[in-house]
Amino acid sequence: MIDPKLLRDEPDRVRAAQAKRGLSDDVVDRALSADSARRAAIVEFERFRGEQKQLGKLIPKATGDEKVALLEQTKKLAASVKEAEAAQAAAEEEWSTALRSIPNVAADETPAGGEDDFVILETVGTPRDFAAEGFEPRDHIELGKLLGAIDIERGAKVSGSRFYFLTGVGAQLELALINLAMDQAREAGFTQMIAPSLVKPRAMEGTGFLDQAADDVYRVEGQDLYLVGTSEVAMAAYHSDEILDGATLPRRYAAFSPCFRKEAGSHGKDTKGIIRVHWFDKVEMFVYTTLEDAAAEHERLLAWEKEFLNKLELAYQVIDVAAGDLGPSAMRKFDCEAWIPTQGKYRELTSASNCTDFQTRRLDTRGRFEDGTKPIATLNGTLCAMTRTIVAVLETHQQADGSVRVPEALRPYLQGREVLEPLGG
RNA sequence: GGAGGCGUCGCCUAGUCUGGUCUAUGGCGCCCGCCUGCUAAGCGGGUUUGGGGCUACAACCCCAUCGAGGGUUCAAAUCCCUCCGCCUCCGCCA
């Protein structure tokens, strides 16, 4: 939720922000008029209510005819109060709906436009030249089979398309990645967390996932619970309805959880392999900090993501995601896209978002500072999304014989193994 | 799943039976001031959160807020209903 004050004081800035995302600014006027209607309704209600309270005080002292008259008067007033209260509630509702449908105001630095209007900030490493090395790279599906690491057929048999089993060395690889990520996070001062992947509607709404992305969210039948698409959801709601001591900020959490996505609307995209699946596990960085520090923290999250990708010796580029592709919560987003050899392109592996006070306003999380209670910011960034990372590692570090070289940083987490060998026979 | 108990402004707590000076008591903690070689103690004051009015976004005034939502009533922390959470016991279970 954006700051209502910003809407009131600088509606043109909000209009411009809508345009930058390619959205209509009708909602701005709707929200503005709802706001003034709401305030009028509040004044009305408070006038009646105040009068009612004043008269109510006289009743216990009154006697006889005086009391009868008072009771008659207050009875009428009670009806007005009730009516005004209902009108106020309706006005609040309309205002809140309008306000909530306005996404976060993108940062000045965020490129305008949609999905294709991103700006490449940096390219790290060089994609391997398999032609020069004299062999055709195998895709992760084939490598997964050779190594006995990924069982997609049985994933489909048991759970349907876009599911998989990680088997043997594949399972070990995920556990190694989790531990590498968690160790890095712990060393950087993060509190390690294992977060629930089923959450109440409040958490889902609060993080903005019931807006545009609603179609992508699994809802549990008959249970008023949702499966999270990222532990960001649980972590943003973790401190809901709390006022955090400003001195404890930034609070940095590294949360592990499975993630579930319907992938509605992506039929036909990435239908093979484990690039796009309905479930995967992820270690996510989640930070609560001050609004003043948020932009700097965003850069730090990106730095930690790069550090992790560097450990895995991957080639990648960092992009500044365009406004139209930010999602409702973020005001700026950096994606790290790793080179996938058999696709001949960079694919998103991690994503770091600065959500400023958009989520904390919805979830009632604030900070107590010397100069008062103020809104605070949340940020999130992927440290390691297992499936796509496994794809990148296998394909990038494969060798002509179908074996895969283990990046050095990962070896301590794989019993010192330097190479993953194809299964015999 | 069954039975019972509990939920008060940071923490503890009074108030709920018997609705109305509850404008929610007291203590602890915290903040400001006084006092004071320093510290402690003592004394005085302040200390939920959200919203609105008016404005300099101050001060001030007002409304809401006693787990949440309804209801009864002129009036609800207090009575009634529903829900949520926590605790105890039983059952079940990894």
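Each chain gets a letter, A, B and so on, in the order its sequence line appears, and its residues count up from 1. Only a predicted model underlies this, so the values are computations on that prediction, with no experimental measurement involved.
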### Query
Please give, in whole Å, the distance from B:G51 P to A:Leu99 CG?
12 Å
### Integer angstrom distance from the C1' of B:C93 to that of B:G4
23 Å
## Note on the structure
Between NE2 of A:His239 and C1' of B:U49 the distance, given in whole Å, is 19 Å
#### Entry: B:G20 versus B:C28 - spacing of their C1' atoms, nearest Å
32 Å
### Query
Atom CG of A:Asp3 and atom P of B:G50: how far apart are they, to the nearest Å?
13 Å
### Message
If you take the centroid of each ring, where Trp contributes its six-membered ring, are A:Phe260 and A:His278 closer together than 6.0 Å?
### Response
no
### Heavy-atom protein contacts under 4.0 Å, nucleotides 56-76 of chain B, coded B base, S sugar-phosphate only, - none
-B----BBS-------S-BS-
### Query
A:Val43 or A:Arg366: which one's nearest nucleotide on RNA chain B is closer to the 5' end?
A:Arg366
### Message
My understanding is that a pair needs two contacts under 3.5 Å, Watson-Crick or G-U wobble. By that rule, which nucleotide pairs with B:U88?
### Response
B:A3
#### Entry: Non-neighbouring partners of A:Phe308 that pass ring-ring contact (aromatic ring centres under 6.0 Å, His included), sequence neighbours left out
none
#### Entry: Of A:Lys200 and A:Gln88, the one whose closest RNA chain B nucleotide lies more 5'
A:Gln88
### Message
Under 3.5 Å for both donor-acceptor distances, Watson-Crick or wobble: does B:G50 have a partner, and if so which one?
### Response
B:C63
### Proximity of A:Phe163 and A:Phe165 rings by center, below 6.0 Å
no
### Spacing of A:Leu225 atom CG relative to B:C84 atom C1', expressed in whole Å
13 Å
### Message
Using whole Å, what does the distance between atom P of nucleotide B:C31 and atom CG of A:Asp245 come to?
### Response
12 Å
### Query
salt bridge (charged side-chain N to carboxylate O under 4.0 Å, His left out) with A:Arg405: which of A:Glu313, A:Glu418, A:Glu421?
A:Glu313
### Query
For B:U73, which nucleotide in any strand shown is its Watson-Crick or wobble partner with both distances under 3.5 Å?
none
## Note on the structure
Partner of B:U18 under the Watson-Crick or G-U wobble criteria, both distances under 3.5 Å, comes out as none
#### Entry: Atom C1', compared across B:C86 and B:C43: separation rounded to whole Å
41 Å
### Query
Do NZ/NE/NH1/NH2 and the carboxylate oxygens of A:Lys20 and A:Asp117 come within less than 4.0 Å?
no
### Task
Apply salt bridge (charged side-chain N to carboxylate O under 4.0 Å, His left out) to the pair A:Arg347 and A:Asp270, showing each step before the final yes or no.
CA-CA 11 Å; A:Arg347 297 298 306 267; A:Asp270 305 308; 2.9 Å; yes
### Task
Check the angle between the aromatic planes of A:Trp279 and A:Tyr164 and answer parallel, tilted or perpendicular using the 30° and 60° thresholds.
parallel
#### Entry: Under 4.0 angstrom between A:Arg38 side-chain N/O and B:G52 OP1 or OP2
yes
### Message
Using the C1' atom as the point on both nucleotides, what is the distance between B:U8 and B:G85, in whole Å?
### Response
16 Å
### Message
So, does A:Arg368 get its side chain near the phosphate of B:U49, meaning an N or O under 4.0 Å from OP1 or OP2?
### Response
yes
### Message
Give me the distance, rounded to whole Å, that separates B:C11 from B:U16 when you measure between the C1' atoms they each carry.
### Response
22 Å
### Task
Look at all strands and tell whether A:Ile243 reaches a base, only sugar-phosphate, or nothing, counting heavy atoms closer than 4.0 Å.
sugar-phosphate
### Message
Please report the distance separating the C1' of B:G45 from the corresponding atom of B:U49, rounded so that it comes out in whole Å.
### Response
22 Å
### Message
What I want to find out is whether A:Arg100 reaches A:Asp211 closely enough, with some N-O distance under 4.0 Å, to be called a salt bridge.
### Response
no
### Query
Using the C1' atom in both, what is the distance from B:U73 to B:C32, to the nearest Å?
44 Å
### Task
Could you state the atom-to-atom distance from CD1 of A:Ile42 to C1' of B:C54 in whole Å?
15 Å
### Summary
Paired to B:C28 by Watson-Crick or G-U wobble criteria (both distances under 3.5 Å) is B:G10
### Task
Have a look at A:Arg8 and say if it touches a base, only the backbone sugar-phosphate, or nothing, with a 4.0 Å heavy-atom cut-off.
sugar-phosphate
### Message
Taking only the P atom of each, what is the distance from B:C6 to B:U78 in whole angstrom?
### Response
15 Å
#### Entry: Chi angles and distances behind the side-chain hydrogen bond (donor to acceptor under 3.5 Å, both in side chains) call for A:Glu395, A:Thr342
CA-CA 7 Å; A:Glu395 292 204 13; A:Thr342 63; 2.8 Å; yes
### Summary
Atom CZ of A:Arg361 and atom P of B:G50 are separated, to the nearest Å, by 11 Å
